[in-house]
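So that the names make sense, note that chain A is the first sequence line, chain B the second, and so on, each numbered from 1. Only a predicted model underlies this, so the values are computations on that prediction, with no experimental measurement involved. Every heavy atom of this structure was used, including side-chain atoms; hydrogens, water molecules and symmetry mates were not.
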2 protein chains.
Amino acid sequence: MNNYTEILRQHNLKATPQRLEITNALYTSGHISIENLYDVMLKKFNSISLATIYKNINLMLEASFIQEVKIPNEKSVYELTKETHSHIICDSCGEIRDIELNLDSVISNAAQSSNYNIKKSALILSGTCKNCQ
Amino acid sequence: MNNYTEILRQHNLKATPQRLEITNALYTSGHISIENLYDVMLKKFNSISLATIYKNINLMLEASFIQEVKIPNEKSVYELTKETHSHIICDSCGEIRDIELNLDSVISNAAQSSNYNIKKSALILSGTCKNCQ
DNA sequence: TATTAAAAGATAATAATTATCCTTTAAGTT
DNA sequence: AACTTAAAGGATAATTATTATCTTTTAATA
Ligand SMILES: [Mn+2]
Ligand SMILES: [Mn+2]
Ligand SMILES: [Zn+2]
Ligand SMILES: [Zn+2]
């Protein structure tokens with residue numbers, strides 16, 4: 001029983017081999033699309049149904065065990081839920097990297113000028129990574 | 001010949017009645033989904049094809065005449081291209097509002113810590129608007 | 001080990017998007 | 001103002017993405 005078993009159960013998700021492998025794929029890749037996840041899963045479960053992928057992704061989303069990241073001009077990717085963070089994407093090689101940025105002052109400015117009570121933020125930056133420059 | 005005719009042509013898009021109306025719908029609504037756009041268009045062109053909507057949205061995107069806005073947990077919406085801006089969404093009533101925020105310092109921090117050459121940013125804030133609080 | 005609700009797999013159904021083909025038309029050209 | 005033509009529109013088929021249904025299997029608990 002590895003540590004993911006426990007974490008899945010904490011989210012009221014049965015720790016099936018398929019889910020453990022999805023979790024592993026998410027952990028290993030950091031961010032993964034449905035399509036790529038299916039490919040990865042097929043290597044371990046040669047007859048896994050695509051429906052199983054979708055059902056689990058949706059259940060995991062509902063349980064807030066994972067989160068969707070919507071990237072401009074790209075297919076959505078999914079990641080294990082962690083502390084709030086931003087993303088930075090390389091237009092050239094496609095790398096998706098987590099980045100911790102302090103948005104406090106931006107958010108407080110936004111709250112002031114909009115009169116919104118702001119609860120969440122999603123920031124995606126894009127450009128070229130060191131390698132691709 | 002209204003002003004949109006000119007702007008469409010500047011983007012190498014023929015100024016058809018359908019495109020003028022799409023443009024008008026985008027202007028009027030600010031941000032609109034494919035589904036809602038189709039509904040709006042049907043009122044003016046009772047036999048417009050959904051394919052026409054998709055084809056035009058894609059052509060307009062390629063021409064950078066419009067842009068897609070991907071909102072967490074929502075369907076994508078489209079808007080006329082304008083100066084870079086952020087978005088703030090009300091979880092309760094669904095309002096999508098433009099907001100101009102200065103992200104310079106956030107971006108320069110990000111550039112420094114990631115070694116990326118950052119070209120674009122997409123920030124979406126969410127919470128509850130004044131009315132819904 | 002037995003029980004059972006939930007999950008997996010197969011596959012049908014639906015929704016979203018794109019492709020094809022034929023007709024119409026915007027935008028130049030005469 | 002009529003002529004030409006590449007592009008656009010409409011109808012609809014095809015493809016892709018996602019969800020629903022149903023039967024079998026299994027994780028979790030007793
Ligand atoms: Mn991330
Ligand atoms: Mn906007
Ligand atoms: Zn790169
Ligand atoms: Zn509201």
Side-chain angles (χ1 to χ4, degrees), chain A residues 1-25 32-63 65-66 68-78, chain B residues 1-25 32-63 65-66 68-78:
Chain A
M1 182 198 288
N2 67 45
N3 36 356
Y4 293 135
T5 302
E6 193 54 32
I7 301 174
L8 281 167
R9 288 188 186 147
Q10 282 165 13
H11 289 84
N12 295 313
L13 296 166
K14 281 191 184 179
T16 68
Q18 291 85 345
R19 283 176 184 170
L20 289 168
E21 192 56 34
I22 288 174
T23 305
N24 186 53
I32 197 168
S33 66
I34 293 280
E35 196 177 16
N36 289 160
L37 178 58
Y38 183 47
D39 288 344
V40 168
M41 293 298 291
L42 275 174
K43 289 173 188 164
K44 297 288 178 89
F45 302 91
N46 58 8
S47 73
I48 193 172
S49 171
L50 186 52
T52 298
I53 305 289
Y54 276 107
K55 282 186 287 194
N56 278 318
I57 287 293
N58 287 331
L59 284 168
M60 287 173 171
L61 283 170
E62 281 170 36
F65 175 63
I66 67 172
E68 184 178 14
V69 181
K70 289 193 170 190
I71 302 170
N73 316 315
E74 301 283 339
K75 293 193 174 168
S76 288
V77 294
Y78 300 86
Chain B
M1 184 198 289
N2 69 45
N3 35 355
Y4 293 136
T5 302
E6 193 55 30
I7 300 174
L8 282 168
R9 289 187 186 149
Q10 281 165 13
H11 290 83
N12 296 313
L13 296 167
K14 281 190 184 180
T16 67
Q18 290 86 346
R19 283 177 183 170
L20 288 167
E21 192 55 35
I22 288 173
T23 305
N24 186 52
I32 196 168
S33 67
I34 293 280
E35 195 177 15
N36 289 160
L37 177 59
Y38 184 46
D39 288 345
V40 168
M41 293 297 291
L42 275 174
K43 289 172 187 164
K44 298 286 177 87
F45 302 89
N46 58 7
S47 71
I48 194 172
S49 171
L50 186 52
T52 298
I53 305 290
Y54 277 107
K55 283 186 286 191
N56 278 318
I57 287 293
N58 287 332
L59 284 168
M60 288 173 171
L61 283 170
E62 282 171 36
F65 175 64
I66 67 171
E68 184 178 13
V69 181
K70 290 193 170 189
I71 302 170
N73 315 313
E74 301 282 339
K75 293 190 176 170
S76 287
V77 295
Y78 300 85

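Checking side-chain atoms of A:Asn24 against main-chain N and O of A:Leu20 turns up no donor-acceptor pair under 3.5 Å. Using modelled atom types, one side-chain atom of B:Asn56 and one backbone atom of B:Thr52 make a donor-acceptor pair closer than 3.5 Å.
Legend: salt bridge (Lys or Arg N to Asp or Glu O under 4.0 Å) pairs involving residues 47-57 of chain B, not counting sequence neighbours: none detected. Sequence neighbours left out, the pairs with a member in residues 68-77 of chain B that pass salt bridge (Lys or Arg N to Asp or Glu O under 4.0 Å) are B:Glu35-B:Lys75.
Residues satisfying the side-chain contact (heavy atoms from CB on, under 4.5 Å) test with B:Phe45, not counting sequence neighbours, are B:Pro17, B:Gln18, B:Glu21, B:Met41, B:Ile48. Residues that satisfy the side-chain contact (heavy atoms from CB on, under 4.5 Å) test with B:Lys14, not counting sequence neighbours, are B:Thr16, B:Arg19. Listed by chain and number, the residues in a side-chain contact (heavy atoms from CB on, under 4.5 Å) with A:Asn36 are A:Ile32, A:Ser33, A:Asp39 (sequence neighbours excluded). Residues passing the side-chain contact (heavy atoms from CB on, under 4.5 Å) test with A:Glu62, sequence neighbours excluded: A:Leu59. With sequence neighbours left out, the side chain to side chain donor-acceptor pair (under 3.5 Å) criterion links A:Asn73 to no other residue. For B:Ser49, there are no side chain to side chain donor-acceptor pair (under 3.5 Å) partners at least two apart in sequence or on another chain.
Within residues 43-54 of chain A, the residues having any heavy atom under 4.0 Å from DNA chain C are, by residue number, A:Ser47, A:Ile48, A:Ser49, A:Ala51, A:Thr52.
Taking atom CD of residue B:Glu62 and atom P of nucleotide C:dT18, one finds them 10 Å apart after rounding to whole Å.
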Practice problem: Assess whether side chain to side chain contact (heavy atoms under 4.5 Å, CB included) is satisfied between A:Tyr78 and A:Ile57, documenting all intermediate values. | Solution: CA-CA 8 Å; A:Tyr78 300 86; A:Ile57 287 293; 3.8 Å; yes
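Pairing each heavy atom of A:Leu8 with each of A:Ala15, the nearest pair is CD1-CA, 4.0 Å.
Taking a heavy-atom distance under 4.0 Å as the criterion, the stretch of DNA chain D touched by chain A extends 5' to 3' from D:dA17 to D:dA28.
Across the helix from C:dT1-D:dA30 to C:dT30-D:dA1, the helix axis at one end is tilted relative to the axis at the other end by 40° (nearest 10 degrees, each axis from five pairs).
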Quiz item: Tell me, for nucleotides 24-30 of chain C in 5' to 3' order, what letter each nucleotide earns: B for a base near a protein heavy atom under 4.0 Å, S for only sugar-phosphate near one, - for neither?
Solution: --BS---
